[in-house]
Amino acid sequence: QKEVEQNSGPLSVPEGAIASLNCTYSDRVSQSFFWYRQYSGKSPELIMSIYSNGDKEDGRFTAQLNKASQYVSLLIRDSQPSDSATYLCAVNGVNSGYALNFGKGTSLLVTP
Amino acid sequence: EAGVTQFPSHSVIEKGQTVTLRCDPISGHDNLYWYRRVMGKEIKFLLHFVKESKQDESGMPNNRFLAERTGGTYSTLKVQPAELEDSGVYFCASSPRGHEKLFFGSGTQLSVL
């Protein structure tokens with residue numbers, strides 16, 4: 001079982017719609033959860049972090065965490081073509097030190 | 001403020017050769033990480049420095065890989081001798097505190113032929 005799993009996509013949504021990106025993780029004692037955005041050929045960039053159950057909102061982005069279900073998601077409201085990128089879910093567990101475990105990423109395409 | 005700088009951006013070498021990758025973290029960032037993405041796979045942790053000390057090198061694939069961070073500033077990752085399976089994108093990242101927010105470099109694309 002992969003430690004962090006994401007649907008590779010591509011996920012295609014029309015401009016203005018809500019994009020929903022999902023991630024599951026296997027380490028039940030994971031404590032820190034991150035979403036990175038990576039444009040093609042560029043470096044990953046942190047867009048959201050979440051540490052406790054529930055929702056965390058930042059602008060058009062909302063991260064949702066459910067530790068019981070080992071599930072973390074990222075919602076992007078009012079999607080824009082500039083949001084088209086690969087979104088990487090990263091998880092840090094108690095026994096991981098400072099290492100992050102990444103999923104393969106979900107490719108998002110926002111069509112005008 | 002300058003970001004994390006990596007060079008070269010691309011390196012093409014033959015199997016058995018040696019390659020050294022360099023990373024300059026953001027000034028003042030004590031934490032420096034190396035990660036690698038092999039084609040079709042997820043980004044994988046290689047190792048973590050705090051200043052000049054290796055805190056965690058559990059992700060290093062084998063003893064052909066050697067990372068250093070002399071003086072706690074820039075870091076190098078040497079692969080000697082390189083094998084075909086070492087091909088991938090090598091990312092360096094730095095942070096002021098732990099893993100809370102990593103700043104990534106743009107990576108070095110290594111191709112071993």
Side-chain angles (χ1 to χ4, degrees), chain A residues 1-10 21-27 29-52 56 58 61 63 65 72 85-107, chain B residues 1-7 9-10 21 23-26 29-51 53-61 67 69 88-109:
Chain A
Q1 182 184 11
K2 294 286 186 185
E3 294 189 50
V4 180
E5 296 209 53
Q6 297 180 254
N7 188 322
S8 62
L21 304 162
N22 305 313
C23 171
T24 58
Y25 58 94
S26 61
D27 184 355
V29 297
S30 295
Q31 294 184 324
S32 309
F33 307 85
F34 306 90
W35 284 99
Y36 282 80
R37 178 178 61 199
Q38 186 178 21
Y39 293 111
S40 181
K42 302 295 184 181
S43 56
E45 174 191 14
L46 180 68
I47 53 172
M48 288 290 287
S49 59
I50 187 166
Y51 302 96
S52 54
K56 178 182 177 182
D58 184 0
F61 299 98
L65 175 61
V72 58
T86 295
Y87 290 80
L88 302 165
C89 175
V91 176
N92 176 261
V94 171
N95 300 315
S96 301
Y98 284 164
L100 293 180
N101 293 313
F102 282 86
K104 286 187 179 182
T106 298
S107 175
Chain B
E1 178 185 76
V4 177
T5 305
Q6 291 186 248
F7 52 92
S9 57
H10 294 81
L21 314 180
C23 169
D24 286 73
I26 293 173
H29 283 193
D30 287 342
N31 293 275
L32 186 148
Y33 305 80
W34 285 98
Y35 283 83
R36 175 176 75 172
R37 185 166 197 164
V38 172
M39 185 177 291
K41 302 286 189 180
E42 62 274 13
I43 296 173
K44 283 285 198 183
F45 168 80
L46 296 179
L47 88 159
H48 170 215
F49 284 99
V50 176
K51 297 185 180 179
S53 299
K54 291 177 187 174
Q55 289 296 112
D56 181 357
E57 51 184 333
S58 61
M60 295 287 263
R69 191 182 182 195
V89 180
Y90 289 76
F91 288 105
C92 176
S94 71
S95 71
R97 285 189 314 276
H99 58 261
E100 290 176 7
K101 182 172 184 177
L102 266 58
F103 295 83
F104 280 83
S106 54
T108 294
Q109 173 75 59

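Below, chain A is the first sequence line, B the second, and so on; all start at residue 1.
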Point to revise | Side-chain heavy atoms of B:Tyr35 within contact of A:Leu100, under 4.5 Å | key: yes
Check your understanding: Given a strict heavy-atom distance threshold of 4.5 Å, which part of A:Glu45 is in contact with chain B: side chain, backbone, both, or neither?
Key -> neither
**Study point:** Nearest-0.5 Å distance, CZ of residue A:Phe102 to CZ of residue B:Phe45
**Key:** 11.0 Å
Check your understanding: Which of these passes ring-ring contact (aromatic ring centres under 6.0 Å, His included) with A:Tyr36: B:Phe104, B:Phe91, B:Phe103?
Key -> B:Phe104
Check your understanding: Taking only residues two or more places apart in sequence or in another chain, which ones pass side-chain contact (heavy atoms from CB on, under 4.5 Å) with A:Lys56?
Key -> A:Met48, A:Ser49, A:Ile50
Practice item. Taking the side chain as every heavy atom from C-beta outward, state whether B:Arg37 and A:Gln38 have any pair of such atoms under 4.5 Å apart. Key: yes
Review point. NZ of B:Lys54: more than 12 outside heavy atoms within 6.0 angstrom?
Key: yes
Exercise for review: Would you mind reporting whether A:Tyr98 and B:Tyr33 have side-chain heavy atoms less than 4.5 Å apart?
Suggested key: yes
Review point. Taking the side chain from B:Lys101 and the backbone from A:Leu46, do they hold a donor-acceptor pair closer than 3.5 Å?
Key: no
Check your understanding: Between A:Ser43 and B:Gly105, which heavy-atom pair has the shortest distance, and what is it?
Key -> CB-O, 2.8 Å
Practice item. Working to the nearest 0.5 Å, report the span between NZ of B:Lys44 and CG of A:Asn101. Key: 6.5 Å
